[in-house]
S.K.: 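This is the structure, below, for whatever I ask next.
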Number of protein chains: 2
Amino acid sequence: MRDEYSLESVKEIFTKFLVDKKHRKTPERYAILERVYTHDGHFSAELLYKAMQSDYRVSLATIYNTLELLLECKLVVKHQFGDQIAQYEKTFGTVKHNHLVCTSCGKIKEFSDKKIRTLIQNKRFAQFDVSYYSLYLYGTCKKCKIESEKNKNK
Amino acid sequence: MRDEYSLESVKEIFTKFLVDKKHRKTPERYAILERVYTHDGHFSAELLYKAMQSDYRVSLATIYNTLELLLECKLVVKHQFGDQIAQYEKTFGTVKHNHLVCTSCGKIKEFSDKKIRTLIQNKRFAQFDVSYYSLYLYGTCKKCKIESEKNKNK
DNA sequence: TTTGTTGCAAAACGTTTGCAGCCTC
DNA sequence: GAGGCTGCAAACGTTTTGCAACAAA
């Protein structure tokens, strides 16, 4: 029931945002929001588009448009990992985390570190208002490291 | 003379890398390296391409190819700030820093924080070898904040 | 001589845009 | 009824690729 609840509250937040900003409450927007919130982990605009085709037909343009709105009201975050295409992720019900990006296979792992988080979140600037941050650690995952060591010995 | 010196050592590092990897030492590659290292701050592939046209004709493809090599041997770093196009930056002679990205005007400011840097650099993972990291703080710069407050009062 | 590298142009890719018709408000 | 939103397709800008000519090893 917990998921049910959070989906409802997320819809409420979105509705409030749409009303505040005088945007229209279209069925497409709610369908996209629902899909985003029933998906765990990262997704691209393309993936979301394909995933939706089966039960609700929306254009890719609308996906992009709606993701933009969801970013604005902070119901999703957007990641740009190195060369990769933009990845999105729901925020509500997701613990704030950082990312390990393998530069060899592109795989992403998440990690949390309270000390780092606290330190960054408490940082203040005279000339700049921080609204969010992203910390990406790039490197090589275990699997790729083993792979590359194998190749060395050839 | 200090710059002179570092340019020479950077060339040596690049040469060593090229030889190790059995890549060819082409004049284009050195011309690009030199240009990169006489430029302060961020630059895009396009900018580098245009900047070089006046004194050394290289194709954009070669620029991309060479930047890839320079990334591999860590003589440059690549940034992907939010929606913006890829930005590059020399590493040698540049103090490690983090970035403030204004989501309104896109301007980038740099900042250093020893505590944050130390904390992140000392982080170790069992299944992952970190080779570098990027920390971007997104928000609104003073100028854009004043601008948006003006618009509110209309 | 071999083959990695180049320049060029075309292609690819994710994303944005223009527009006619639709549907919130 | 007005005009914001939609789907569609075409356009966009950055990056990659295919290929013939070139030049480093």
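Just so you know, these numbers come straight off a predicted model, no measurement behind them. Computed over heavy atoms, backbone and side chain alike; hydrogens, waters and symmetry mates excluded. Just so we're on the same page: letters track the sequence lines, and every chain starts at 1.
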S.K.: Does B:K22 reach a base, just sugar-phosphate, or nothing at all? Heavy atoms under 4.0 Å.
M.R.: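 Result for B:K22 = nothing.
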S.K.: Could you say whether B:K78 or A:R57 is positioned toward the 5' end of DNA chain D, judged by the nucleotide with the nearest heavy atom to each?
M.R.: A:R57
S.K.: Does a side-chain N or O of A:H23 approach OP1 or OP2 of D:dC5 to a distance below 4.0 Å, or not?
M.R.: yes
S.K.: Of all the nucleotides listed (D:dT15, C:dG14, D:dG7), which has the minimum atom distance to the side chain of A:I85?
M.R.: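 From the listed options, C:dG14 comes nearest.
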S.K.: A:S59 or B:A86: which one's nearest nucleotide on DNA chain D is closer to the 5' end?
M.R.: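 Closer to the 5' end of DNA chain D: A:S59.
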S.K.: A:A61 side chain: which of C:dT15, D:dC8, D:dA24 is closest?
M.R.: D:dC8
S.K.: Is there a side-chain polar atom (N or O) of B:Y64 under 4.0 Å from OP1 or OP2 of D:dT15?
M.R.: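 Yes, within the criterion.
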S.K.: Given side chains that start at C-beta, do those of B:Y132 and B:T91 come closer than 4.5 Å, heavy atoms only?
M.R.: no
S.K.: What is the distance, rounded to the nearest whole Å, between atom CD of A:E28 and atom C1' of C:dT24?
M.R.: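 One finds 11 Å between C1' of C:dT24 and CD of A:E28, rounded.
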S.K.: Take the protein atom CG of A:L18 and the nucleotide atom P of D:dT6, then report the distance between them rounded to whole Å.
M.R.: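 Roughly 10 Å, once rounded to whole Å.
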S.K.: Please check this pair: side chain of A:R35 against backbone of A:M52, looking for a donor-acceptor N/O pair closer than 3.5 Å.
M.R.: no
S.K.: What is the distance, rounded to the nearest whole Å, between atom CG of A:L47 and atom C1' of C:dT15?
M.R.: 16 Å
S.K.: Calculate the interatomic distance between A:I63 atom CD1 and C:dT15 atom P; express it in whole Å.
M.R.: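 Roughly 12 Å, once rounded to whole Å.
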S.K.: Would you check, one step at a time, whether the test side-chain hydrogen bond (donor to acceptor under 3.5 Å, both in side chains) holds for B:Y64 with B:E68?
M.R.: CA-CA 6 Å; B:Y64 277 107; B:E68 203 55 45; over 6 Å; no
S.K.: For DNA chain C, whose closest nucleotide is more 5', that of A:Q80 or that of B:T26?
M.R.: B:T26
S.K.: Between the side chains of B:Y49 and B:Q53, does any donor sit under 3.5 Å from an acceptor?
M.R.: yes
S.K.: Is there a side-chain contact between A:R29 and the phosphate of C:dT24, meaning an N or O under 4.0 Å from OP1 or OP2?
M.R.: no
S.K.: Does any N or O donor sit under 3.5 Å from an N or O acceptor when you compare the side chain of B:R24 with the base of C:dT3?
M.R.: yes
S.K.: Can you measure B:H79 atom NE2 to D:dT14 atom P for me and round it to whole angstrom units?
M.R.: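 It is 18 Å, rounded to the nearest whole Å.
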S.K.: Round to a whole Å and report the spacing from OH of A:Y49 to P of C:dT16.
M.R.: 16 Å
S.K.: Can you check the B:D83 CG to C:dT16 P distance for me, whole Å?
M.R.: 6 Å
S.K.: A:N65 side chain N/O closer than 4.0 Å to the phosphate oxygens (OP1, OP2) of D:dC5?
M.R.: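 Answer is no, no contact under 4.0 Å.
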S.K.: Please determine, by modelled atom types, if A:E89 and A:H97 share a side-chain donor-acceptor pair under 3.5 angstrom.
M.R.: yes
S.K.: Can you figure out which of D:dA24, D:dG7, D:dT15 approaches the side chain of B:P27 most closely?
M.R.: D:dA24
S.K.: Would you kindly give the CD-to-C1' distance between B:E68 and D:dT16, to the nearest whole Å?
M.R.: 11 Å
